[in-house]
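This report refers to the structure that appears directly beneath it.
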Amino acid sequence: IPAHVTETRKYFTASVFNPKTISGNANFQVADPDGLQFGLISSSMFMTWQRTVGGRIKSDLRFSSTVTWNTFPVPELSKQDQAAIIDGGKAVLEARAKYPNRSLADHYQPLAMDPDLLKAHDKLDRAVDKAFGAPRKLTNEKQRQELLFQNYVRLTQE
């Protein structure tokens, strides 16, 4: 999980590495044997949370495990929701793998994203939005903020 991403990114540019990879100070790691965490952090729902409550360095987004990740109000996920999010995350990785010579920066150029990658993120967003309680795929940040804060209030009052 990168510590910083440019403010122009539509999605957080997390990646998957093998367990022997050593993480430096410009990124974070999370144990993720099934890909659920990757799916969550790669979603528009997480990016909305990051933009809303996360830190900044200049105008770029600054990830924090304590402020952003640990407060991300993920509801209790059914096995079906988990599977859909994991499948959506795998679709994102498969779309990226079609162009192995592209860096994450290349993959996520705001006006030049590959249609297959956009389609994969759309699939992932549908799964995450549904898991968070949306009746359909949400279409903007305000809708996601409303749902996120409803979940946050519910989870912190329990």
Side-chain angles (χ1 to χ4, degrees), residues 1-17 21-32 34-75 77 81 84-86 88-97 99 102-134 137-156:
I1 304 166
H4 307 99
V5 297
T6 179
E7 68 178 329
T8 61
R9 293 277 184 253
K10 187 174 179 179
Y11 301 100
F12 214 80
T13 52
S15 196
V16 176
F17 294 93
T21 300
I22 297 172
S23 181
N25 70 340
N27 49 57
F28 294 80
Q29 289 180 222
V30 62
D32 191 21
D34 55 11
L36 179 63
Q37 307 308 317
F38 175 81
L40 288 168
I41 203 165
S42 297
S43 70
S44 291
M45 191 69 75
F46 177 76
M47 189 56 131
T48 297
W49 189 248
Q50 172 64 49
R51 285 186 193 284
T52 304
V53 305
R56 305 255 179 192
I57 186 162
K58 297 183 183 178
S59 60
D60 290 337
L61 305 176
R62 185 174 187 153
F63 176 84
S64 166
S65 60
T66 53
V67 174
T68 313
W69 187 247
N70 291 346
T71 63
F72 186 40
V74 179
L77 301 172
D81 288 337
I85 294 168
I86 291 166
K90 286 179 182 175
V92 168
L93 292 172
E94 289 167 4
R96 289 181 189 173
Y99 303 96
R102 288 186 185 169
S103 67
L104 283 175
D106 292 338
H107 277 299
Y108 288 93
Q109 286 297 327
L111 300 176
M113 281 182 68
D114 182 73
D116 287 342
L117 184 55
L118 284 169
K119 189 175 181 180
H121 272 287
D122 185 65
K123 175 182 179 177
L124 175 60
D125 285 343
R126 287 178 191 282
V128 174
D129 290 353
K130 180 179 177 285
F132 273 68
K137 181 182 175 276
L138 302 176
T139 58
N140 62 55
E141 197 167 80
K142 184 175 186 283
Q143 291 172 333
R144 288 190 173 93
Q145 286 172 331
E146 289 170 355
L147 189 57
L148 282 161
F149 282 105
Q150 288 170 10
N151 282 343
Y152 186 83
V153 167
R154 189 179 70 255
L155 290 169
T156 57

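For the numbers below, each heavy atom of this structure counts, side chains included, while hydrogens, waters and symmetry mates do not.
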message = Below 30° counts as parallel, above 60° as perpendicular, anything between as tilted: where do the rings of Tyr11 and His121 land?
response = parallel
ask   = How are the rings of Phe46 and Phe12 set relative to one another: parallel (under 30°), tilted (30 to 60°) or perpendicular (over 60°)?
value = perpendicular
Hey, is the main chain of [Y] close enough, under 3.5 Å, to the side chain of [X] for a donor-acceptor pair?
X: Thr68; Y: Ser65; result: no
X: Asp129; Y: Leu138; result: yes
X: Thr156; Y: Val153; result: yes
X: Gln145; Y: Thr52; result: no

message = Could you check whether Tyr108 and Arg102, counting side-chain N and O atoms only, form a donor-acceptor pair closer than 3.5 Å?
response = no
Nearest 0.5 Å, please: how far is [atom2] in [Y] from [atom1] in [X]?
X: Asn151; Y: Trp49; atom1: CG; atom2: CH2; value: 9.0 Å
X: Thr6; Y: Lys58; atom1: OG1; atom2: NZ; value: 11.5 Å
X: Lys90; Y: Ile85; atom1: NZ; atom2: CD1; value: 13.0 Å
X: Asn27; Y: Ile22; atom1: CG; atom2: CD1; value: 11.5 Å
X: Ile57; Y: His4; atom1: CD1; atom2: NE2; value: 4.0 Å

task = Give the intermediate values and the outcome of side chain to side chain contact (heavy atoms under 4.5 Å, CB included) for residues Val53 and Phe149.
result = CA-CA 11 Å; Val53 305; Phe149 282 105; 4.1 Å; yes
key: Derivation of the side chain to side chain contact (heavy atoms under 4.5 Å, CB included) call for Val16 and Asp32   = CA-CA 9 Å; Val16 176; Asp32 191 21; 5.7 Å; no
Give the minimum heavy-atom separation between [X] and [Y], together with the two atoms involved.
X: Leu104; Y: Thr13; answer: CD1-O, 3.5 Å
X: Gly89; Y: Phe38; answer: O-CE2, 3.4 Å
X: Gly39; Y: Val128; answer: O-CG2, 4.3 Å
X: Ala14; Y: Ile41; answer: CB-CG2, 3.6 Å

message = I'd like to check the side-chain contact (heavy atoms from CB on, under 4.5 Å) partners of Pro115; sequence neighbours left out, ordered by chain and number.
response = none
ask   = Could you give all pairs that pass the salt bridge (Lys or Arg N to Asp or Glu O under 4.0 Å) test and reach residues 103-122, with sequence neighbours left out?
value = Lys98-Asp116, Asp122-Arg126, Asp122-Lys137
Could you tell me which residues satisfy ring-ring contact (aromatic ring centres under 6.0 Å, His included) with [X], sequence neighbours excluded, listed by chain and number?
X: Tyr99; answer: none
X: His107; answer: none
X: Phe132; answer: Phe72

ask   = Can you find a pair of side-chain heavy atoms, one from Arg154 and one from Pro73, that are under 4.5 Å apart?
value = no
ask   = Given Leu77 and Leu36, is the side chain to side chain contact (heavy atoms under 4.5 Å, CB included) satisfied, shown in steps?
value = CA-CA 10 Å; Leu77 301 172; Leu36 179 63; 4.2 Å; yes
query = Considering residues at least two apart in sequence or located in another chain, which fulfil the side chain to side chain donor-acceptor pair (under 3.5 Å) criterion with Arg51?
reply = none
message = Under 4.0 Å between a side-chain nitrogen and a carboxylate oxygen: does that hold for Arg9 and Asp60?
response = no
message = Just to verify, which of Leu124, Leu147, Asp125 counts as forming a side-chain contact (heavy atoms from CB on, under 4.5 Å) with Met45?
response = Leu147
message = Among Val74, Ile86, Val30, exactly one meets side-chain contact (heavy atoms from CB on, under 4.5 Å) together with Gln37. Which residue is that?
response = Val30
